[in-house]
There are 2 protein chains.
Amino acid sequence: MGSALRSQLEAAGVSPECASTIELVRDVLARVGDKWTVLVVITLADGPLRFTTLHGRIAGVSQRMLSQTLRSLTRDGLVTRTAYAEVPPRVEYELTPLGRSLSDSVTHVVHWVQDHQAEIVRNRQEFDGGDLPTP
Amino acid sequence: MGSALRSQLEAAGVSPECASTIELVRDVLARVGDKWTVLVVITLADGPLRFTTLHGRIAGVSQRMLSQTLRSLTRDGLVTRTAYAEVPPRVEYELTPLGRSLSDSVTHVVHWVQDHQAEIVRNRQEFDGGDLPTP
DNA sequence: CGGAATCCGTGACGATACTG
DNA sequence: CAGTATCGTCACGGATTCCG
């Protein structure tokens, strides 16, 4: 399996030396593509925020998912988690330089989507509707 | 929900005029992040390929998932599907200019992952292992 | 050959309740 | 305030089978 996958990346212009890169690429892209990660990242782009603030700003996210997303991001070193020993407790999350650099790449894709969204929507309508029925 | 989401994009530097952009962004990113799309796209980067060839080159993909992925990509206008009325039947898939331009953006992220994979792996090990146990 | 249809297991996700 | 724990649902993804 590895060699075939390696050739995939070679075709994409990725250096062939590390076969497991593809898995990590897929892993990171899956993270980026998941439901909440992008929203968390771009929300944190302004500066550090605490859990509840984040929870309030990102509409529709459950505590469970937010917590999980933040832990994954922290694990990968994309955000830092800082807990202050206070009463009431306060925890702040902040993008690391690594997280910010990923954010830049992702923003690039976001802008791509924005630039081509009309075309995509039109393509979908055309595909779904086929030609208009003749009633 | 829409207004909160809109502010997300504003924070990310995206123009505020279209509230539904965020959903499309998430949608497209989810597609990009899914298990097979990236592999299909970079495999098609060389040129048009037929279904079975694609199925052979992408290790581990089932016919179902490949078919599904290709249909989604076709629906969005990222690939074209050309069926030749022959025996045996032949169907070729090819990246559209739109698909190629997305491919470029995604490749950018792929390269980012490649550049930072060592750091990510190290971060994960550090996070998972914590400090080394003392046996 | 190129799929679509069916069945089915797994786990992602949301809602809720509880804890330090 | 900042989570963890538990549970129920359901969509994703794989294997198999059937059709044009």
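As the structure is a computational prediction, the values presented were derived from the model and not from experiment. Reminder, nothing fancy here: chain letters follow the sequence lines and each chain counts from 1.
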Practice task
Classify the side-chain pair A/T37/A/D34 by whether it contains a donor and acceptor separated by less than 3.5 Å.
Solution key: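 Yes, because at least one side-chain N or O of A/T37 sits under 3.5 Å from a partner of the opposite role on A/D34.
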Handout entry: salt_bridge(A/D76, A/R71) N-O dist < 4.0 Å
Key =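 A salt bridge is absent here (no side-chain N lies under 4.0 Å from a carboxylate O).
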Handout entry: Ring centre gap for B/H116 and B/W112 strictly below 6.0 Å
Key =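 Yes, the ring of B/H116 comes within the 6.0 Å limit of the ring of B/W112, centre to centre.
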Handout entry: Side chain of A/R81 (C-beta onward), nearest among D/dG3, D/dG20, C/dG14
Key =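 Shortest atom-to-atom distance from the side chain points to D/dG3.
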Problem - Shortest side-chain distance from A/S62, nucleotide among C/dC1, C/dG14, D/dA2 - result: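 Given the options C/dC1, C/dG14, D/dA2, the side chain of A/S62 is closest to C/dG14.
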Exercise for the section: Give a yes or no on whether the backbone of A/V109 and the side-chain of B/S105 come within a donor-acceptor separation of less than 3.5 Å. Expected result: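 Pair absent, no side-chain N/O of B/S105 close to backbone of A/V109.
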Exercise for the section: Ignoring hydrogens and angles, tell me if any N or O in the side chain of A/S103 forms a donor-acceptor pair with the backbone of A/G99 under 3.5 Å. Expected result: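 No; zero donor-acceptor contacts below 3.5 Å.
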Between [atom2] of [N] and [atom1] of [X], the distance in whole Å:
{"X": "A/H55", "N": "D/dG3", "atom1": "NE2", "atom2": "P", "value": "12 Å"}
{"X": "A/L73", "N": "D/dG3", "atom1": "CG", "atom2": "P", "value": "13 Å"}
{"X": "A/M65", "N": "D/dT9", "atom1": "CE", "atom2": "P", "value": "17 Å"}
{"X": "A/L49", "N": "D/dA2", "atom1": "CG", "atom2": "P", "value": "11 Å"}
{"X": "A/E86", "N": "D/dG3", "atom1": "CD", "atom2": "P", "value": "14 Å"}
{"X": "A/D34", "N": "D/dA11", "atom1": "CG", "atom2": "P", "value": "18 Å"}
{"X": "A/L54", "N": "D/dC1", "atom1": "CG", "atom2": "P", "value": "14 Å"}

Exercise for the section: Assign B/Y84 to base, sugar-phosphate, or nothing according to its heavy-atom contacts below 4.0 angstrom with the strands shown. Expected result: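 No contact.
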Within less than 4.0 Å of OP1 or OP2 of [N], is there a side-chain N or O belonging to [X]?
{"X": "B/W36", "N": "D/dG14", "answer": "yes"}
{"X": "A/R50", "N": "D/dA2", "answer": "yes"}
{"X": "A/Y93", "N": "D/dC1", "answer": "no"}

Quick one: which protein N/O atoms are closer than 3.5 Å to N/O atoms of nucleotides 4-6 of chain D? Pair and distance per line, please.
| unit_1 | atom_1 | unit_2 | atom_2 | d |
| --- | --- | --- | --- | --- |
| D/dT4 | OP2 | A/S67 | OG | 2.7 |

Practice task
Can you sort out the partners of A/H55 under ring-ring contact (aromatic ring centres under 6.0 Å, His included), two or more places apart, ordered by chain and number?
Solution key: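 A/H55: no ring-ring contact (aromatic ring centres under 6.0 Å, His included) contacts found.
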Handout entry: DNA chain C: 5'-proximal contact among A/K35 and A/P89 (nearest heavy atom)
Key =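 On the 5' side of the pair lies A/K35.
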Practice task
Tell me whether the guanidinium CZ or amine NZ of B/R90 lies under 6.0 angstrom from the six-membered ring centre of B/Y84 and within 45° of its axis.
Solution key: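 That pair qualifies as a cation-pi contact.
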